[in-house]
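Since the structure comes first, as structure tokens, the remarks are kept for the end.
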Amino acid sequence: MPRKKTKYWLMKSEPDTFSFQDLLNSPKQTTLWDGVRNYQARNFMRDEMQVGDGILFYHSNAKPPGVAGIAEVASEAYDDPTQFDSTDSHYDPKSPVDAPRWQLVDIRGIEELPTFVTLTELKSEPALADMALVQRGNRLSVMPVKANEWGRVLELGGLKSRARSKAARKG
DNA sequence: GCCAACGTTGGC
DNA sequence: GCCAACGTTGGC
């Protein structure tokens, strides 16, 4: 039973490292969103996300960059295991074991956008002018998306904003 | 608590 | 590969 209204998010990934297809190919189309080492991004995951929230999966450092698909939050927040793994590139020796610094959520891939929505397109769309992603200098890898922005991006991507996730989840 | 130096992000 | 923008670190 949801305690709050569904929220929407945008999460960045470099497709060379982990693409939307990689997410769909993961067991249960689910993965843990590890490696976030920015406090603001962590706070969104730890404090504000809830299971079922919508996620725009964004390809950064890509040619071209843009939104590749939609996903959803698939777990409550929990400690990022990679912070304690000295062999992992995201190892954080300063994170206290008794008070871990970094938390994450699981995300589940839902559906690839029929049409990839490029950053250029997002920037040229008047309805998306206030989107956090297109603000100057924004480097956050996890950021909130407004409901109307979510709907518009899905339209641009060729998904009707109704009837999407349930049909996709069935398969 | 300031702020310069440094490292990272990510578009171009 | 360049570099602007930003976050973090550490000296003082």
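Every chain is numbered from 1 and lettered A, B, ... according to where its sequence line falls, protein lines coming before strand lines.
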>> Just verifying a value: how many Å separate A:His59 NE2 and A:Gln21 CD, rounded to the nearest 0.5 Å?
In response: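 So the NE2 of A:His59 and the CD of A:Gln21 are separated by 8.5 Å.
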
>> For the CZ atom of A:Arg101 and the CZ atom of A:Phe84, what is their distance to the nearest 0.5 Å?
In response: 10.0 Å

> Can a side chain N or O of A:Lys12 be found less than 4.0 Å away from OP1 or OP2 on B:dT9?
Replying inline: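 A:Lys12 to B:dT9 OP1/OP2: no side-chain N or O under 4.0 Å.
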
Calculate the interatomic distance between [X] atom [atom1] and [N] atom [atom2]; express it in whole Å.
X        : N      : atom1 : atom2 : answer
A:Leu10  : B:dG10 : CG    : P     : 10 Å
A:Leu140 : B:dT8  : CG    : P     : 17 Å
A:Asp16  : B:dT9  : CG    : P     : 14 Å
A:Arg139 : C:dG7  : CZ    : P     : 6 Å
A:Glu14  : B:dG11 : CD    : C1'   : 12 Å
A:Lys63  : B:dC12 : NZ    : P     : 13 Å

> Any link between A:Leu159 and A:Met11 through a network of hydrophobic side chains (Ile, Leu, Val, Met, Phe, Trp, Tyr) touching at under 4.5 Å?
Replying inline: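 Same cluster.
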
> Do A:Tyr78 and A:Val73 share a hydrophobic cluster (ILVMFWY, side-chain heavy atoms under 4.5 Å, transitive)?
Replying inline: yes

>> Using heavy-atom distances to pick each residue's nearest nucleotide on DNA chain C, tell me which of A:Gln40 and A:Lys94 is more 5'.
In response: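 The residue whose closest nucleotide sits nearer the 5' end is A:Gln40.
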
> If each of A:Arg101 and A:Gly137 is mapped to the nucleotide of DNA chain C with the nearest heavy atom, which maps nearer the 5' terminus, i.e. the 5' end?
Replying inline: A:Gly137

> Tell me, what's DNA chain B's dot-bracket, Watson-Crick or G-U with both distances under 3.5 Å, | for other-strand, [ ] crossing?
Replying inline: ||||||||||||

>> Tell me which residues in residues 117-131 of chain A lie within less than 4.0 Å of DNA chain B, going by non-hydrogen atoms.
In response: A:Leu119, A:Lys123

> Which of these nucleotides, B:dG11, B:dG10, C:dG7, is closest to any side-chain atom of A:Tyr58?
Replying inline: B:dG11

> Just checking, any donor-acceptor pair under 3.5 angstrom between side chains of A:Trp9 and A:Asp53?
Replying inline: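 Yes - a donor-acceptor pair under 3.5 Å links their side chains.
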
> Going by distance alone, is a donor N or O of one side chain under 3.5 Å from an acceptor N or O of the other, for A:Arg139 and A:Ser60?
Replying inline: no

> Aromatic rings A:Phe57 and A:Trp33: how do their planes relate, parallel, tilted or perpendicular, breaks at 30° and 60°?
Replying inline: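 Ring orientation of A:Phe57 relative to A:Trp33: perpendicular.
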
>> Base, sugar-phosphate or nothing for A:Leu133? Non-hydrogen atoms, less than 4.0 Å.
In response: nothing

>> Given A:Thr82, which partner from the list A:Asp80, A:Asp79, A:Asp85 fulfils the side-chain hydrogen bond (donor to acceptor under 3.5 Å, both in side chains) test?
In response: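 The side-chain hydrogen bond (donor to acceptor under 3.5 Å, both in side chains) with A:Thr82 is passed solely by A:Asp80 among A:Asp80, A:Asp79, A:Asp85.
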
> Is there a side-chain contact between A:Val51 and A:Glu72, using heavy atoms and a 4.5 Å cut-off?
Replying inline: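 Not in contact.
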
